[in-house]
Every structure is written in C-alpha cells, then in structure tokens.
Amino acid sequence: MSDCIFCKIVHNELPSAKVYEDEHVLAFLDISQVTKGHTLVIPKLHIDDLFQMDSGTAERVFSPVPEIANAIKEAFHAEGMNLLNNNGAFAGQEVFHYHLHLIPRYDHTDGFAKTFISHQNDYSPADLQEMAAAVRNKLQ
Ligand code: 5GP
Ligand code: ZN
C-alpha cells in the first residue's frame, strides 16, 4: 500500500532499525520503545490485521519469533516478554499493517503493564460451554 508507513519501511523508503529479515518477514525496533528492545514483527506483504491473515502467512510470520525473542532477551538481559497484537481501531491498532509487538520485560515499572480484568464471576460453566460452542460452530 503506497501510503502505509510499514510498507515504506519494508521497501526502505523510510528508515528503521532492523533486527531480522527474511523473504517474507521483517522485524525492526518500535520507535516508541515502550521497554528497551521493543520490536515489531511484520509480514512484508501488506495485510491490515489478523482477520485478513491466511494460515501460511501466520506460519511465516511466527516462525522466526522465538529466535528473535531469545535474541532480544539475551541482548538486553530481559526477565520476560509480552507479545501483543492489536487488531482494529477499537483494540488500539494505530498502524493498519499487521504487526506483532515483542515487549521485553524488566520489572514492574518498565513501561508496560498487564491490565486484564477478570469477569470470572459473571460467567457460569454452562455459559462458557455455550460460548465455546458458538465459536466452534463458526469454525466448521
Ligand atoms: P499499534 O498501536 O498499531 O499496535 O502500534 C503501532 C506501533 O507502531 C506503535 O507502537 C508506534 O510506536 C509504532 N510506529 C509508528 N510509526 C512508526 C515508525 O515510523 N517507525 C517505527 N519503527 N515504529 C513506528
Ligand atoms: Zn503496509
């Protein structure tokens, strides 16, 4: 896409700090560096988000992720890592070229926080079975 900043990074029309590249995948440092080493992994071919991704692209994009994650962990002595992928504006996506965030973690004040809110008490076991069946029906 001609107006996509990540396509421009893929085609070297915009600068980036690359950490990994193969035929299908590019990984480069996120400009915001939420934590030190914060990296984005993208398919070279433009797709907006996960909902457009086919399984072959998913395999190719995720295949180098463990190696990249270990390289970041070793380079900066990270204690852990969060993987994050925002899909759709309502989910916080700002750049509409699929990207997986690799966010190395150092301590509880490093710039990233897990903010899951449990609603476990709102759903009975029967509710969960019904919801799982609804998704299974869509997978058939
Ligand atoms: P999103 O909110 O869409 O999941 O994340 C978009 C990410 O892209 C943000 O973390 C932002 O810092 C990063 N970003 C936006 N523009 C650029 C850029 O020009 N270069 C790099 N390296 N990262 C960018
Ligand atoms: Zn793009």
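What you see is a predicted model; the values in this text were computed from it and never measured. In each ligand, atom 1 is the first atom listed, and ligand 1 is the first ligand listed.
- Through chains of ILVMFWY side-chain contacts below 4.5 Å, Phe62 is grouped with Val19, Tyr20, Val25, Leu29, Val41, Ile47, Leu50, Met53, Val61, Val65, Ile68, Ile72, Phe76, Met81, Leu83, Tyr98, Leu100, Leu102, Tyr106.
- You'll find the side chain of His97 reaches within 4.5 Å of the side chain of His46, heavy atoms only.
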Are there any protein N or O atoms under 3.5 Å from the N or O atoms of ligand 1? List them with distances, or say none.
| residue | atom | partner | partner atom | Å |
| --- | --- | --- | --- | --- |
| ligand 1 | 2 (O) | Gly92 | O | 3.0 |
| ligand 1 | 2 (O) | Glu94 | N | 3.4 |
| ligand 1 | 3 (O) | Glu94 | N | 2.6 |
| ligand 1 | 3 (O) | Val95 | N | 3.0 |
| ligand 1 | 3 (O) | His99 | NE2 | 2.9 |
| ligand 1 | 4 (O) | Asn86 | ND2 | 2.8 |
| ligand 1 | 4 (O) | His99 | NE2 | 2.8 |
| ligand 1 | 4 (O) | His101 | NE2 | 2.8 |
| ligand 1 | 5 (O) | His99 | NE2 | 3.1 |
| ligand 1 | 5 (O) | His101 | NE2 | 3.3 |
| ligand 1 | 10 (O) | Asp30 | OD1 | 3.2 |
| ligand 1 | 10 (O) | Asp30 | OD2 | 2.5 |
| ligand 1 | 12 (O) | Asp30 | OD1 | 2.6 |
| ligand 1 | 12 (O) | Ser32 | OG | 3.4 |
| ligand 1 | 22 (N) | Leu29 | O | 2.9 |
| ligand 1 | 22 (N) | Ile31 | N | 3.4 |
| ligand 1 | 23 (N) | Ile31 | N | 3.3 |

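- Between His101 and His99, the distance separating the two ring centers is shorter than 6.0 angstrom.
- If you count the protein N, O or S atoms nearer to the Zn ion (ligand 2) than 2.8 Å, you get 4.
- Checked by atom type and distance alone, the side chain of Gln93 pairs as donor or acceptor with a backbone atom of Gly88 at under 3.5 Å.
- Between the side chain of Glu79 and the backbone N or O of Lys73, no donor-acceptor pair lies under 3.5 Å.
- Legend: side chain to side chain donor-acceptor pair (under 3.5 Å) pairs involving residues 54-71, not counting sequence neighbours, sorted by first then second residue: Asp54-Thr57.
- Counting heavy atoms from C-beta outward, Phe112 and His38 have side chains that stay 4.5 Å or more apart.
- Looking only at side-chain heavy atoms (C-beta outward), Lys44 and Glu21 come within less than 4.5 Å of each other.
- Side-chain atoms of Gln52 come within 3.5 Å of backbone N or O of Asp48 as a donor-acceptor pair.
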